[in-house]
Structure formats: structure tokens, C-alpha cells
> 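One structure is given below, represented as C-alpha cells, and several questions about it will come after.
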Number of protein chains: 2
Amino acid sequence: MVTPMYRQIAEDLRGQIETGQLAPGGRLPTELELRAKYNNASRNTVRDAIKWLTALGLVATRPGQGTFVVEKIDPFITTLSGDPKTGFGGGEGTRYRSEVSSRKRTPKTSRIRVEIQEAAPEVVEKLGKPSGTVVISRHEKRYLDGTPWSMLTSFYLMDFVTRGAVRLTSPEDIPEGTVQYLADTLGIHQMGYRDWLAVRTPDGNEAEFFRLPPDGRTSIIEISRTAFDGNGQPMRLTVSVYPADRNQFLIDFGQVPEQEKDQET
Amino acid sequence: MVTPMYRQIAEDLRGQIETGQLAPGGRLPTELELRAKYNNASRNTVRDAIKWLTALGLVATRPGQGTFVVEKIDPFITTLSGDPKTGFGGGEGTRYRSEVSSRKRTPKTSRIRVEIQEAAPEVVEKLGKPSGTVVISRHEKRYLDGTPWSMLTSFYLMDFVTRGAVRLTSPEDIPEGTVQYLADTLGIHQMGYRDWLAVRTPDGNEAEFFRLPPDGRTSIIEISRTAFDGNGQPMRLTVSVYPADRNQFLIDFGQVPEQEKDQET
DNA sequence: GCAAATTTGTTCGTATGTATT
DNA sequence: CAATACATACGAACAAATTTG
């Protein structure tokens, strides 16, 4: 079992990165310098080694500049647990803003985009409704310190609007929260929710918005929250997507002491 | 803005995969056939296209056989929420076994490996103890239908053992659960826990055990569970790792109706 | 602001090695 | 053992992005 040369070069560079000889943010030798260093290997072989390290997420190359050791991103931490009756948690509404400011970040939110459409198969399934059901969706993009941080889409039955919850159709923030608004307007009370979490590769939209490298190396964390009313009926679905390279999550159960949320890796 | 040829080829093949012209599990044309098909491109160019699709997780190549469209894995779904006082949830003990059997899978668990050592920095931090603290760790590997599914390591203060919880040192399962055992033996009651979830690239051990492609394409979901006793003191830390390609998670808050757990993507 | 130098990106060709059937 | 198919490695040329003089 021979180890290919490009892997040996990659391993050597990896060692230098992990021991700190090559500091985060620092530049690797150029391809030509690496050629000279490693037994006059071909430029393509050196490039294969760099490609390998790129796939491992250890380095990134910038055309015309060089190859750099990637710097760890200070992750944003979202608490998924919250009061089941308000739904504040998981980056929704007020809870989102307080989490963010406690970490001295500057949040920014896009305008809300409202759409009315027949629900997609995944949506009707999670809402427990027949296919063809019409829903209203509210889509929002979120930034922290100017960095794209998450995208969020909430789906409500169009029925809610016809029964009087007309502000759902307005592309404005609902300051008291949609949960409170639905309780006030329609007497529909959120009693709990189920989060479903999966990790997958980004689609084109997500890669663009989050400015991910187009090679699909950075995964997306998708969290679908189905909220239930007092009758155990699904009342809304919120789908949030987060790039895995800059997001971590906390979930509390039972009695957990208050403490700093600033724990890092 | 020109699109390189290898990307055009990759896009064309990607389209064929997504429209089902190339079925999951099916074999792509050989490199030579692809050469002929795409304007007599060089074999290296065709290989670059395949490399790109590999990075996106759409295909996998097997030496001597060919390149195949990857098949989606039926994901295993773990419920993280559970009774905070037993800690059953998140794949621990009884809950794990019932989850698994409800999905008609065959679970298997490795022997437990017990180690005593000075706690690593991340461990002392999450346990809220000074560095140099001695802990006992219990490590276990889990399989479903013969497929490696998760690895789990629990850390307890060595102090627990000296105070009488000697079965922690035994590489045997503790049938009533360690939470119950600690309550019975030491009167330490688990009142809640905090889960911390992050996604990262696998290390060498993980890649080997989960049989992941060695290029770091499949991410690892790491869930650290810190459990607290009645005084709000951390009493144990459980670190679970799951390969992201075959695991999804559910978390319930408040009142959520019982329902099938077999929801897929 | 422009031109040259530097550095990475793409594409070709060729030869040989290794794994599987 | 032979045929097939992917893996590694070399060399070369030109393109594109960025920095430097």
C-alpha cells in the first residue's frame, strides 16, 4: 500500500497547519516554491495536494494571490429551545434579536417577501394537509455584521388570512410576533412544536446568498419547525437554513442553569 | 465570464442525474466514452468534471468498475428530546433501542471501553471543573443493520467512583441507565441537560469507523450533552458523533402530538 | 492609469500503476 | 492471465486574476 505523493505533500502541509507553523490566515508557499520543496514534483502534483487540503476545508486558494490557511469563524450560537407557547426560539422574532445583541453582533434583516402558492409536497406533508392546499409564505434573510447568516421561510394556511389574519399578507414585521397575532385574531394558540434537523449540501440559491465556495464543501443545516395548536393540528411550518461553517445550536431540556452562551470549540 | 469545459460537462451530467436519466445506483459512461461524447475533451478534463460531481456528493467512483450515481440513504432519525430526569433521548439507553426497533432496524453495540484520564480542555470546560480534573470515560460504538451509525463517549467525574459508583468502571452495560444508577448510589439526580450541536469535518478515526470517503466530504454532526444535577452543577458530559449523510434529528417542545417518525426528505 | 510580474486556473498530451472483472 | 477502468504523475501551454512598479 503506497501513499501517493500528493497525499504525502498534503499530509506534510497539514501537519504544519495543525502545529501552527502555518498560522491561520497565513499564506502557503506558491506552487512553484512547493515544487522545489517537495523533490521537484510536478506542478500538477502540488496542485493535487492543495486540492486535497481544500476539500478538507483547511486551506482556500485565491486566484492571483495564493493559497491561505482558513481562519476559524467565530460561530453564531442559536438556542432552539424556547417557550413553546410563543415560539420564540430557533432564531425567531424577539429571541433572535436578544441572542444576537448579547453577543455584540449587529443584526440586519431583509424585507419580508410574501408569496401565495400551492404548497410543495414537503410542505403539505409537514402541515398534514391534502396536496393542492394553498399557503402563504413569508420569507426573510438575515445578516450578522454584514455576513449572510440564515434564511427563513414560514408557511401558514391561506385559510388564516381569509378568516381575518390579514396582516400575514403584509411584507412588514409583525412586532408582537405571528404567534401572538394569530392568538389575538383567530384564537389559535401555539402549544408546542417539533423541530426536524438535517444536514445536506446547499442548492444554488443558498450557495449564492451565503457566498459559499461553489464546490459544495460547506453543508447546510436545515431546521423545519412544525408548530401545533391546542388540538394537535399543525398551524405553521418554518424552514430555516444555516450554513454549517458559522452556526451552532443549543437545546435545553429540564432545569439548566443560566450561563454564558459564548462557549466555543 | 466563461464557464470552463469541465464545469459544463459536470452540469450536463448533473442535469441527467437530477432528471433521473441517470438513475441512483446507475453507472455513468466510462471516462473514454465521456471523452467521445463531449467534443473529444481530454481524459483529464472529463476526470475534472467527475471530480466536481464527486465533491458535490452526487457520484462516487470505484477503481476498476466505474463511476456510479450515489443512492440516498434512508436516514436514521434520533429524537433528542426526552425525559430530562432520565436522560433517555439522544440515542441513550432504552430510548435508543426502542427508536431503532420501531424502524425495523437491527441495532448492535460495541463493548464499552472505559478509560480514566485527565480531562481534555473541552471536557473540563463543559463540566465546569478546573483543568487537571480526572474523569472516567465510557466509549461505545453503535451499528444499525451492520452499518456504523454513531460513536458515543460519556465523561463522569472520577470522584463519583471513589464515592461508591464503582460500576462506572466496569465495561458492562448498566441496564437501569447510569442516571438511575447515580441516583441510587450517590443520590445525584439529573434535573436537565443542555445539548450543543455543531457540524464539522471528520477526523481520521471517524472517517475510518464510519467508512467515510477519505476526502472529508461527509460532515460529522457532533452533539455534546451536559447534564445538570439539582444544584445546577454539571454531572456528566456525553459527546455523540453522527455522520451527517445518514442521520437526522427531531426535537419536541411543549405539546406535540404522537405521530409517525418515518418522515423522509 | 497602465504595463509587467506573479500566481492560480484550465486544458491538452502521455506514460505508468492499481483494482476489478 | 488478459481486458477494462480508474489513479497517479509528469510536462507543457495559455488564460485569468491580482499585485506591484
Side-chain angles (χ1 to χ4, degrees), chain A residues 1-14 17 22 25-70 207 211-217, chain B residues 1-14 17 22 25-70 207 211-217:
Chain A
M1 233 283 280
V2 295
T3 308
M5 193 188 308
Y6 79 96
R7 295 280 289 272
Q8 293 181 40
I9 298 176
E11 277 312 306
D12 187 65
L13 290 170
R14 176 187 212 156
I17 291 169
L22 285 167
R27 214 190 76 171
L28 268 65
T30 68
E31 291 172 351
L32 290 180
E33 287 167 339
L34 289 172
R35 264 199 76 175
K37 186 166 177 182
Y38 293 103
N39 203 33
N40 276 304
S42 157
R43 183 174 162 233
N44 279 327
T45 303
V46 168
R47 282 175 59 76
D48 280 346
I50 290 173
K51 221 175 285 176
W52 187 261
L53 294 174
T54 304
L56 294 175
L58 292 172
V59 304
T61 65
R62 298 204 279 274
Q65 295 186 57
T67 302
F68 300 82
V69 181
V70 298
R211 293 173 209 152
L212 302 178
D215 57 7
R217 213 181 52 255
Chain B
M1 234 284 280
V2 295
T3 308
M5 193 189 308
Y6 78 96
R7 296 280 289 273
Q8 293 182 39
I9 298 175
E11 276 313 305
D12 187 65
L13 290 170
R14 175 187 211 155
I17 292 169
L22 286 167
R27 212 191 79 171
L28 268 65
T30 69
E31 291 173 349
L32 289 180
E33 287 166 339
L34 289 173
R35 263 198 77 174
K37 185 167 178 181
Y38 293 102
N39 204 33
N40 275 304
S42 155
R43 184 174 162 237
N44 280 327
T45 303
V46 168
R47 280 174 60 76
D48 281 346
I50 290 173
K51 220 176 286 177
W52 188 260
L53 294 174
T54 304
L56 293 175
L58 292 172
V59 304
T61 64
R62 299 203 278 275
Q65 296 186 53
T67 302
F68 300 83
V69 182
V70 298
R211 294 171 208 152
L212 303 178
D215 57 8
R217 212 181 53 253

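Note on naming: letters A, B, ... go to the chains in the order of the sequence lines (proteins, then strands), and numbering restarts at 1 for each one.
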> Got a donor-acceptor contact below 3.5 angstrom from the A:Q8 side chain to the A:T3 backbone?
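Answer holds: yes.
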
> So which heavy atom on B:V70 is nearest to which on B:G57, and how close?
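That closest heavy-atom pairing would be CG2-O, 3.0 Å.
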
> What one-letter contact string describes nucleotides 1-10 of chain C from 5' to 3', where B marks a base within less than 4.0 Å of any protein heavy atom, S marks contact via sugar-phosphate atoms alone, and - marks no contact?
------BBBB

> Let me know the distance between CD1 of A:I9 and C1' of D:dC10, rounded to the nearest Å.
13 Å

> Using atom CG of B:L53 as one end and atom C1' of D:dC6 as the other, report the distance to the nearest whole Å.
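So the CG-C1' distance, B:L53 to D:dC6, works out to 16 Å.
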
> Within the 4.5 Å heavy-atom criterion, are B:L13 and B:Y38 side-chain neighbours or not?
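In short, these two side chains touch, coming nearer than 4.5 Å.
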
> Taking only residues two or more places apart in sequence, or in another chain, which ones meet B:Y6 in a side-chain hydrogen bond (donor to acceptor under 3.5 Å, both in side chains)?
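None.
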
> Please check if the side chain of A:R217 supplies one atom and the backbone of A:T54 the other of a donor-acceptor pair under 3.5 Å.
yes

> Taking atom P of C:dA19 as reference, at what distance in whole Å does atom CZ of B:F68 sit?
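The answer, rounded to whole Å, is 17 Å.
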
